[in-house]
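For clarity, every value in this text was computed on a predicted model and none was experimentally measured. Counting starts at 1 for both ligands and their atoms, following the listed order.
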Amino acid sequence: MSNLSKPAAKPAGKLAGKTSAKARTAYVCAECGADHNKWQGQCGECGAWNSLSEFVVEPASAGKGVAASRRGSWAGRADAPAVTALKDLSHTEESRVTTGIGELDRVLGGGLVHGAVVLVGGDPGIGKSTLLLQAISKMAQTLPALYVTGEESLSQIAGRGARLGLPLDGVHALAETGIERILEHAATMRPSLIVADSVQTLWTEELSAAPGSVSQVRESAARLVRYAKETGTSVFLVGHVTKEGGIAGPRVLEHMVDAVLYFEGESGSRFRVLRAFKNRFGAVNELGVFAMGDKGLREVPNPSAIFLSGSRTPQPGSCVMVTREGTRPLLVEVQALVDASPLSNPRRVAVGMEGNRLAMLLAVLHRHGGVAVGDQDVFVNVVGGIRVQETAADLPVLLAVLSSLRDKPLAEQTIAFGEVGLSGEIRPVPNGEDRLKEAATHGFKRAIVPKANAPKGGRIGEMQVIAVERLAEALSAAE
Ligand code: TYD
Ligand code: MG
């Protein structure tokens, strides 16, 4: 029976093979966006587990055109791409509009570029919708702007706008998740700015996958990006963040957009930090600082001392550092708790800094500082929910650990910064003088810093600067 049916099936397969326009099923990794022909438990590209999901690739009509033209020769065609010397190309400085929020402009690199697509990621409830509603209400006074919501109802948004006292005159809102209809409305209204809140709710009719699935998110975002580039419309996409800290949906979203901003903060703290993770039109690592209050997000244009814990009498296990994320120095408090561990494998927990770096620093502390914490649990926390990524935090972390271990506070009004190398040397960090000046302005009296960062006279204003070259010197300066 099966033998009989086989020959009948074959020609059909052949026929289907000949017609090129056939939907293909691909399996796309949610982490790195890699395509696979069949499902597998682990992504072959990035090694993530259980990250593949089904994605129906429709034969794109535009793609066909390209394929057809590739078969023929480009030569002699009017639209043939030509090799050009870059210096002969005319270029214009990209034009920017201010978002009306200085801290947001700063993170974007000086305002929003026309036609730019910006992905704003962050935990649920962090304030993404609030930030973008505040921005759109300011921008709508000069530009036609459209707020597309798939999460909240229009009356909820209007209610929030009214409660925050925002001018909502120019803002148009649309509660819609189908990308086709969103683009239809956009085509009639011709907004200069679209906010899509959130990208996870968008879906396209062209795919049969469920809304929220990787393929839907990826395809809908791609349609919006294409629309933005064709029409010069600026687009803010809101994206939720997964437990691992990435934007839910394929990593490939990050490649498609011009800028990726992360909105961070601790749930207990009212401060929020907006950080550029990628920016085609400006610097990354620039920080924007906001405070969430009953009137929404307020800018904190001079944030340098807000990440101190408040208590200025020195406590054991605390060290103030000056970090310089972006273009401003920030005073940040690092806290450590070192306690005898009941476990055979003591815990190392780092909040606001990288865990592996902490483990490495503790090894250097043992080997080159002669301080053993092998039988102790070590917890390190950066106050205020800020995340410190630069290596200038190395020395303050170790000073905080030592201070907690000895149960002895650092001398009053002391700051520190510096990178700690594997051989126990203290390496300089960029912009040492800026950092020292900032600390001096805030009344700090002592600074323990790398030798190359110290000023000639050993002082900045009232502040005494102790220059150290080796970890052992730094530890004895702190005791
Ligand atoms: P929201 O912008 O809805 O967050 P997201 O879009 O990132 O999910 O912010 C919601 C949180 O912000 C909510 O927990 C309440 C708080 N909030 C205030 O504290 N004050 C305010 O004026 C507003 C609008 C929100
Ligand atoms: Mg929201």
K.L.:
Do any nitrogen or oxygen atoms of ligand 1 lie under 3.5 Å from a protein nitrogen or oxygen, and which ones?
P.N.:
residue  : atom   : partner : partner atom : Å
ligand 1 : 2 (O)  : Ser129  : N            : 3.2
ligand 1 : 2 (O)  : Thr130  : N            : 2.8
ligand 1 : 2 (O)  : Thr130  : OG1          : 2.6
ligand 1 : 3 (O)  : Arg160  : NH2          : 3.0
ligand 1 : 4 (O)  : Gly127  : N            : 3.1
ligand 1 : 6 (O)  : Ser129  : N            : 2.9
ligand 1 : 6 (O)  : Ser129  : OG           : 2.6
ligand 1 : 7 (O)  : Ile126  : N            : 3.4
ligand 1 : 7 (O)  : Gly127  : N            : 3.0
ligand 1 : 7 (O)  : Lys128  : N            : 2.8
ligand 1 : 7 (O)  : Lys128  : NZ           : 2.9
ligand 1 : 8 (O)  : Gly125  : N            : 2.7
ligand 1 : 20 (N) : Gly293  : O            : 2.7
ligand 1 : 22 (O) : Gly293  : O            : 3.3
ligand 1 : 22 (O) : Asp294  : O            : 3.3
ligand 1 : 22 (O) : Gly296  : N            : 2.9

K.L.:
Sub-3.5 Å donor-acceptor pair from the side chain of Arg328 to the main-chain atoms of Pro301, do we have one?
P.N.:
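Side chain of Arg328 to backbone of Pro301: a pair is present.
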K.L.:
Check whether any side-chain N or O of Glu205 sits under 3.5 Å from a backbone N or O of Glu180 as a donor-acceptor pair, and report yes or no.
P.N.:
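Side chain of Glu205 to backbone of Glu180, a donor-acceptor pair under 3.5 Å: no, none is there.
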K.L.:
Under 3.5 Å, is there a donor-acceptor pair between the side chain of Ser234 and the main chain of Gly115?
P.N.:
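Checked: pair present.
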K.L.:
Given 3.5 Å as the limit, does a donor-acceptor pair link the side chain of Gln134 with the main chain of Gly296, or not?
P.N.:
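Absent.
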K.L.:
Please say which of Lys128, Arg387, Arg272 ends up in a salt bridge (Lys or Arg N to Asp or Glu O under 4.0 Å) with Glu264.
P.N.:
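Of the listed options, the one satisfying the test is Arg387.
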K.L.:
Going by chain and residue number, what protein N/O/S atoms come nearer than 2.8 Å to the Mg ion (ligand 2)?
P.N.:
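Metal shell, protein only: Ser129 OG.
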K.L.:
Output yes when Lys278 and Glu254 qualify as a salt bridge under the 4.0 Å nitrogen-oxygen rule, no when they do not.
P.N.:
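Result for this pair is no, no salt bridge flagged.
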K.L.:
Does any N or O in the side chain of Ser404 come within less than 3.5 Å of the main-chain N or O of Val338, such that one atom is a donor and the other an acceptor?
P.N.:
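Flag set: sc Ser404 to bb Val338 pair under 3.5 Å.
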K.L.:
With distance as the sole test, does Arg324 use its side chain to make a donor-acceptor pair with the main-chain N or O of Asp434 at under 3.5 Å?
P.N.:
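No: the side chain of Arg324 does not pair with the backbone of Asp434.
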K.L.:
Would you say the side-chain atoms of Glu299 pair up with the backbone N or O of Gly102, donor to acceptor, closer than 3.5 Å?
P.N.:
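Yes, the answer is positive, given that a donor and an acceptor are paired below the 3.5 Å cut-off.
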